[in-house]
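Worksheet for the structure shown next.
First listed ligand is number 1; within each ligand, the first listed atom is number 1. All heavy atoms count here, side chains included; hydrogens, waters and symmetry mates do not. Residue numbers run from 1 in the order of the sequence given.
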Amino acid sequence: MGNHFQFMQLQRLDPKKVGAEERKTNFNEIYGSFSKDDAAAQADRCLACGNPYCEWKCPVHNYIPDWLKLVAEGHVLQAAELSHKTNSLPEICGRVCPQDRLCEGACTLNEGGFGGVTIGSVEKYITDTAFAQGWRPDMSKVQATGKKVAIVGAGPAGLGCADILVRNGVKPIVFDKHPEIGGLLTFGIPGFKLEKEVVQKRRQVMEEMGVEFRLNTEIGKDIGFQTLIDEYDAVFLGMGTYNYMKGGFPGEDMDGVYEALPYLISNTNKEMGYASDCIDMTGKKVVVLGGGDTAMDCNRTAIRQNAAQVICAYRRDEDNMPGSKREVANAKEEGVRFLFNRQPVEIVGNGKVEGIKVVTTQMGAADEKGRRRAEVVAGSEEVIAADAVIIAFGFQPSPAPWFAEFGIRVDDWGRVKAPEKARYKFQTTNEKVFAGGDMVRGSDLVVTAVFEGRNAAEGILDYLKV
Ligand code: SF4
């Protein structure tokens with residue numbers, strides 16, 4: 001009896017899971033149904049095992065067991081305060097992190113077959129609940145230094161940097177070319193994964209903390225970079241990676257072939273009322289190429305646009321997909337058909353897409369990064385019929401044309417040189433300019449960009465000697 005009770009206590013408790021059809025239209029059903037009791041019960045499962053692998057696997061090293069304990073005891077506002085000590089966007093990371101390969105994947109409870117604590121859901125619950133109760137980060141002891149820093153890009157790196165600066169009395173002024181903050185959080189990640197109101201709430205909170213946003217303002221176009229150098233004590237660049245990787249096969253320029261990011265951005269712009277139409281897959285046979293989280297976002301967006309069918313073709317097998325397993329499972333449930341071990345070789349059509357020619361692959365020896373290579377099976381060509389093809393092979397750095405003029409050097413891949421281990425962390429080759437996030441490390445997770453933005457802010461504080 002005792003053992004049975006213990007077993008019941010240890011069971012993983014996921015936020016209410018609803019059917020795929022309902023999920024397409026009502027994301028609050030999955031993201032909003034984690035009640036106070038659910039959060040407390042889930043937090044109470046933490047064994048406080050003394051080996052907080054979860055903390056080490058979390059890129060910002062959240063104090064996970066500590067805030068789980070506070071939630072289990074009902075101290076949600078203290079948990080929010082603690083959660084914000086390591087993470088500038090906890091409610092967002094709780095929603096979009098691939099927890100299965102980060103904190104939750106490292107939970108000791110997985111070893112007993114019980115399933116890890118649903119850490120992301122609790123993290124999200126803490127900040128959502130605290131904000132709803134009127135909690136705000138405590139700024140009462142902050143003393144203004146009189147310094148001000150320009151931040152280029154209101155994505156996760158820029159927001160992480162602004163958060164640390166403003167808490168240390170340095171005024172951050174954040175410039176972004178888009179009409180809302182968040183960068184790809186807002187315009188790249190679909191609303192069914194991250195509700196837009198969540199980012200808008202974060203903007204309000206940051207403005208109340210003293211962060212100033214200048215939106216619809218592109219540096220190098222609306223304001224020259226020289227102005228930032230002249231008028232600010234330092235500059236932080238968090239401009240992300242926006243160039244998409246090409247497949248390099250014939251037919252990529254054909255009508256009906258789309259890049260993942262413009263496709264996702266156009267859908268968001270329409271949903272947020274910034275545009276009246278978008279790239280629309282209604283009634284179309286869609287093939288998405290790629291196996292990462294952006295490919296899953298495209299799959300699931302096309303399904304929601306009522307595509308006639310959505311096929312996702314990926315050149316390795318399912319075990320070697322780079323994306324979150326949770327996202328693949330969601331896409332499958334919602335009706336996306338997966339063709340694994342298919343490598344595209346040509347987009348076919350007559351000026352307009354009619355299909356995609358693929359070859360079958362089999363998994364060979366591991367490459368230098370430990371991932372097994374996809375080897376082509378001779379004579380395996382086939383054509384998959386399609387009206388639209390979305391290419392989601394990932395992103396490359398997109399260095400601004402004015403970098404060279406200001407002595408900001410990039411490496412051979414176009415990533416800005418701004419080392420973490422340096423006298424001033426994340427300082428570029430222009431001493432007044434710092435950089436972090438995807439434009440420094442290459443395309444990566446939201447949470448790693450937050451981490452680098454926060455650390456770059458520490459480098460800036462050291463540089464400014466405040
Ligand atoms: Fe897990 Fe991401 Fe939160 Fe870290 S930030 S605890 S990895 S969900």
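F187 and Y274 have tilted rings, their planes meeting at an angle from 30° to 60° on a 0 to 90° scale. Using cut-offs of 30° and 60° for the angle between ring planes, the F175 and Y232 rings count as perpendicular.
The closest approach of E123 to atom 3 (Fe) of ligand 1, by N/O/S atoms, is made by OE1.
Nearest residue to atom 2 (Fe) of ligand 1 from C58, C97, S83, G94 is C97 (criterion: closest heavy atom). When the options S121, G105, C54, C103 are ranked by their closest heavy atom to atom 1 (Fe) of ligand 1, first place goes to C103.
Taking a cut-off of under 4.0 Å to the non-hydrogen atoms of N87, the atoms of ligand 1 that pass are 5 (S). Proximity to C93 (heavy-atom distance under 4.0 Å) selects the following atoms of ligand 1: 5 (S), 8 (S). Taking a cut-off of under 4.0 Å to the non-hydrogen atoms of Q99, the atoms of ligand 1 that pass are 8 (S). Within the listing of ligand 1, atoms 5 (S) sit less than 4.0 angstrom from a heavy atom of V447. Proximity to I64 (heavy-atom distance under 4.0 Å) selects the following atoms of ligand 1: 6 (S). The atoms of ligand 1 that sit less than 4.0 Å from any heavy atom of L102 are 7 (S).
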Is there a salt bridge (charged side-chain N to carboxylate O under 4.0 Å, His left out) between E212 and R214 once you walk through the steps? CA-CA 7 Å; E212 185 177 328; R214 299 212 187 141; 3.0 Å; yes
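Under a cutoff of 6.0 Å and an axis angle of 45°, K417 and F403 do not form a cation-pi pair. Figure legend: cation-pi geometry between R304 and F192, with NZ or CZ positioned under 6.0 Å from the six-membered ring centre and within 45° of its axis.
Taking 4.5 Å as the limit, every side-chain heavy atom of R342 sits out of range of all side-chain heavy atoms of R315. R300 is not listed as a side-chain neighbour of Q305, based on a closest heavy-atom distance of 4.5 Å or more.
Looking only at heavy atoms of the protein, atom 6 (S) of ligand 1 is closest to N62 ND2, 3.4 Å.
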